[in-house]
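Just below is one structure, and these are the notes that go with it.
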Amino acid sequence: MASQNDDPGAVARGPGKAAEPGGGAARGSVRSRLQQELMTLMMSGDSGISAFPESDNLFKWIGTINGVAGTVYEDLRYKLSLEFPSGYPYNAPTVKFLTPCYHPNVDLQGNICLDILKDKWSALYDVRTILLSVQSLLGEPNVESPLNVEAAELWKNQAAYRKYLHESYRKHMKILWTAQSGVEWRGEEGRKEARQGKARVGGRDRRRKKERKEERKGRKGREEIEGRKEEKGGRKEGRKEGRKEGRKEGRKEGRKEGKGRVGGREKGRKEGKEGKNGRER
């Protein structure tokens, strides 16, 4: 079973073709390079671009680019796939749009006509360079070498291009949103209602949390009051039992002392009687 980090291109080798010498070492080198590029991209702080490996597969990434402000692509967001060959960085990765993109240099399958991904590729380029180049291409297409001739023609009329671009983008997002959530997409109005709904839910949750906190606080207070009552009752009962035991012991000691006194008187009378008898004799 192939490893998740294996080169996707390695699957295409026929069963009769032997693996290239040092292939495992080469893939290890590519993985190290890609891990380094991931850290560089995360630390770059570039606005509007990001990319991460898909699952645990370092050879396949999912990237995101936002349209640059001031261009017809402003406020639009696109996802791309990046697949890296075993010869990377000496061979260019395969980069395609996953989100349908209406653009002179992007075809209906998401393929991109960009020189640095073709004959102008250099081993000095990295994922960050690719994403920034594609982001720049959105606002600065090469209409002289289009993949989408219709878009290249419409580009000359920016107002009409922007209208069609945003309508097609909203249409795609509506289909995607409805398919994923089961809720009809209504653009900015829908997002606003969703945010308000989340705010209402959040407020309700906060109220419930506060009520539970107050309830726990009240329950704790009642338990403390009951505990003090029980403690007070225990002390009262203890004093009562103490007095009872004290009286009982007192009576016992009194009876004992009383018996001693009675015995002493009887002994005295007996001795007095014996003394009297002695004198009479």
Side-chain angles (χ1 to χ4, degrees), residues 37-38 41-42 44-54 60-83 92-118 125-198:
E37 289 192 20
L38 177 61
L41 181 62
M42 292 173 64
S44 68
D46 292 307
S47 176
I49 64 169
S50 63
F52 296 94
E54 185 178 30
K60 187 171 183 179
W61 293 26
I62 300 297
T64 303
I65 60 172
N66 296 340
V68 178
T71 70
V72 293
Y73 288 88
E74 183 177 0
D75 296 329
L76 304 186
R77 176 178 293 185
Y78 295 90
K79 286 188 175 182
L80 307 93
S81 67
L82 300 90
E83 292 191 15
T94 300
V95 183
K96 296 178 65 174
F97 274 93
L98 296 176
T99 306
C101 180
Y102 184 75
H103 189 276
N105 302 121
V106 181
D107 66 15
L108 297 178
Q109 286 72 45
N111 298 304
I112 306 169
C113 180
L114 183 62
D115 55 2
I116 70 163
L117 297 176
K118 307 297 181 183
Y125 296 149
D126 57 11
V127 175
R128 176 176 174 271
T129 305
I130 295 169
L131 295 176
L132 289 173
S133 297
V134 175
Q135 186 185 48
S136 177
L137 180 69
L138 288 179
E140 301 175 3
N142 179 8
V143 294
E144 301 301 323
S145 179
L147 285 180
N148 187 331
V149 178
E150 178 189 319
E153 287 295 325
L154 191 59
W155 181 261
K156 300 171 185 177
N157 185 339
Q158 287 287 281
Y161 187 95
R162 178 184 178 85
K163 181 181 179 181
Y164 183 83
L165 169 68
H166 284 256
E167 284 178 353
S168 61
Y169 182 86
R170 282 195 296 270
K171 183 179 179 180
H172 165 72
M173 293 305 296
K174 179 179 179 180
I175 295 172
L176 181 64
W177 176 275
T178 305
Q180 291 181 345
S181 66
V183 179
E184 183 182 357
W185 167 265
R186 287 183 290 171
E188 182 57 36
E189 181 183 351
R191 288 196 294 269
K192 185 177 179 180
E193 290 183 1
R195 288 194 295 269
Q196 290 174 347
K198 287 182 179 179

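Closest approach of Leu137 to Cys113, counting heavy atoms only: CD2-O, 4.2 Å. Scanning all heavy atoms of the two residues, the minimum distance from Ala160 to Leu154 falls at CB-CD1, 3.9 Å. When all heavy atoms of Thr71 and Arg162 are compared, the closest pair comes out as O-NH1, 3.8 Å. Across all their heavy atoms, Leu138 and Tyr73 have their closest contact at O-CE1, 3.0 Å. Across all their heavy atoms, Pro100 and Tyr78 have their closest contact at O-CE2, 3.5 Å. In terms of heavy-atom proximity, Asn148 sits nearest to Ala151 at OD1-N, 3.0 Å.
We find the NZ-OG1 distance between Lys79 and Thr99 to be 7.0 Å, quoted to the nearest 0.5 Å. Taking CD1 from Ile49 and CG from Leu41, the interatomic distance works out to 5.5 Å, rounded to the nearest 0.5 Å. Residue Thr94 holds its OG1 atom at 9.0 Å from CG of Asn111, rounded to the nearest 0.5 Å. Ile112 contributes atom CD1, which lies 5.5 Å from atom CG of Leu80 (distance to the nearest 0.5 angstrom). Taking SG from Cys101 and CG from Leu165, the interatomic distance works out to 7.5 Å, rounded to the nearest 0.5 Å. Separating the OH atom in Tyr161 from the NE2 atom in His166 is a distance of 10.0 Å, to the nearest 0.5 Å.
Distance alone, capped at 3.5 Å, is enough to place a donor-acceptor pair between the Glu37 side chain and the Val127 backbone. At distances below 3.5 Å, not a single donor-acceptor pair connects side-chain atoms of Gln135 with backbone N or O atoms of Leu131. A donor-acceptor pair under 3.5 Å links the side-chain atoms of Asn105 to the main chain of Ser145, judged by distance alone. Of the possible donor and acceptor atoms, none in the side chain of Asp107 sits under 3.5 Å from a partner among the backbone N and O of Leu147. Between the Ser136 side chain and the Ser133 main chain, no donor and acceptor come within less than 3.5 Å of each other.
Applying the side chain to side chain contact (heavy atoms under 4.5 Å, CB included) test to Asn66 and every residue at least two apart in sequence or in another chain returns Thr64, Arg77.
Between Asn142 and Asp115 there is no side-chain heavy-atom pair separated by less than 4.5 Å. The shortest distance between side-chain heavy atoms of Phe52 and Ile62 does not fall below 4.5 Å. The closest side-chain heavy-atom distance from Met173 to Arg170 is not below 4.5 Å.
At most 12 non-hydrogen atoms from other residues, nucleotides or ligands lie less than 6.0 angstrom from CD of Glu140.
Ring pair Trp155/His103 is tilted by interplanar angle, where 30° to 60° counts as tilted.
Checked against the 6.0 Å centroid criterion, the rings of Tyr102 and Phe97 do not qualify as a close aromatic pair.
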